[in-house]
Amino acid sequence: MNRKLMAQRLEERGLTNFQIKILLTTMEIPKGRTATYKEIAARAGYPGASRAAGTALRKNPFPIAIPCHRVVKSSGETGSYSGRSNSRIKKELLKKEGAI
DNA sequence: CAACACAAAGTAG
DNA sequence: CTACTTTGTGTTG
């Protein structure tokens with residue numbers, strides 16, 4: 001899975017350029033590392049668009065290919081995942097990876 | 001085109 | 001700590 005292929009698939013799926021950047025950035029988060037919505041948005045080229053980043057991730061078309069579980073709130077909390085507001089599995093997985 | 005929605009962040013108290 | 005304001009983009013009317 002490389003970045004160009006993902007971008008192409010995302011574009012074919014009808015996502016906007018903003019969502020594509022957000023998703024690609026999220027996918028590039030290294031293992032054992034967490035990123036906040038703010039960091040993702042800023043790295044994608046939209047500093048301050050933390051809420052928009054959350055919207056894009058919530059509509060994540062490829063929840064398997066994109067590690068949304070590494071995306072957390074600025075407080076270090078998990079936020080929500082798979083439509084649930086705080087998955088125990090997510091926290092344990094992050095802890096196992098060494099993110100916490 | 002306008003108003004509302006969203007998994008946040010920032011500022012004020 | 002909590003409450004209010006700001007923020008950028010998507011979705012719906």
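The chains referred to below are lettered A, B, ... by the order of the sequence lines, with proteins before strands, and numbering in each begins at 1.
Residue pairs that meet the side-chain hydrogen bond (donor to acceptor under 3.5 Å, both in side chains) test with at least one member in residues 14-24 of chain A, sequence neighbours left out, are Asn17(A)-Lys21(A). Counting only residues at least two apart or on different chains, the ring pair (Phe, Tyr, Trp, His ring centres under 6.0 Å) pairs with a member in residues 38-59 of chain A are Phe18(A)-Tyr46(A).
Atom CE of Met27(A) and atom OG1 of Thr25(A) lie 8.5 Å apart (nearest 0.5 Å). Ile40(A) contributes atom CD1, which lies 9.5 Å from atom CG of Leu23(A) (distance to the nearest 0.5 angstrom).
No option in Arg88(A), Lys90(A), Lys95(A) other than Arg88(A) meets the salt bridge (Lys or Arg N to Asp or Glu O under 4.0 Å) test with Glu92(A).
Proximity of residues 15-24 of chain A to DNA chain B (heavy atom under 4.0 angstrom from any strand atom) is not detected for any residue. Residues from residues 49-60 of chain A with heavy atoms under 4.0 angstrom of DNA chain C, sorted by number: Ala49(A), Arg51(A), Ala52(A), Thr55(A), Lys59(A).
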Please tabulate, for the side chains in residues 8-15 of chain A, all donor-acceptor contacts under 3.5 angstrom to protein atoms that are two or more places apart in sequence or on a different chain.
none

What donor-acceptor contacts under 3.5 angstrom involve side-chain atoms of residues 52-78 of chain A, with partners at least two apart or in another chain?
{"from": "Thr55(A)", "atom 1": "OG1", "to": "Arg51(A)", "atom 2": "O", "distance (Å)": "3.0"}
{"from": "Asn60(A)", "atom 1": "OD1", "to": "Phe62(A)", "atom 2": "N", "distance (Å)": "2.9"}
{"from": "Arg70(A)", "atom 1": "NH1", "to": "Ile29(A)", "atom 2": "O", "distance (Å)": "2.9"}
{"from": "Thr78(A)", "atom 1": "OG1", "to": "Asn86(A)", "atom 2": "OD1", "distance (Å)": "2.6"}

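Applying the side-chain hydrogen bond (donor to acceptor under 3.5 Å, both in side chains) rule to Glu28(A) yields the partners Arg3(A), Arg43(A); only residues at least two apart in sequence or on another chain are considered. Scanning for ring-ring contact (aromatic ring centres under 6.0 Å, His included) contacts around Tyr81(A) gives an empty result, with sequence neighbours left out.
As rounded to whole Å, 11 Å separates atom P of dA8(B) from atom CD of Glu77(A).
Nucleotides of DNA chain C lying under 4.0 Å from heavy atoms of chain A occupy a range whose first and last members, 5' to 3', are dT7(C) to dT11(C).
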Enumerate all atom pairs, one protein N or O and one N or O from nucleotides 10-13 of chain B, separated by less than 3.5 Å.
{"from": "dG10(B)", "atom 1": "OP1", "to": "Lys38(A)", "atom 2": "NZ", "distance (Å)": "2.1"}

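Consecutive pairing runs in DNA chain B reach the stem threshold at B:1-6 with C:8-13, B:8-13 with C:1-6, where a stem means at least three Watson-Crick or G-U wobble pairs with distances under 3.5 Å.
Distance alone, capped at 3.5 Å, is enough to place a donor-acceptor pair between the Thr36(A) side chain and the Glu39(A) backbone.
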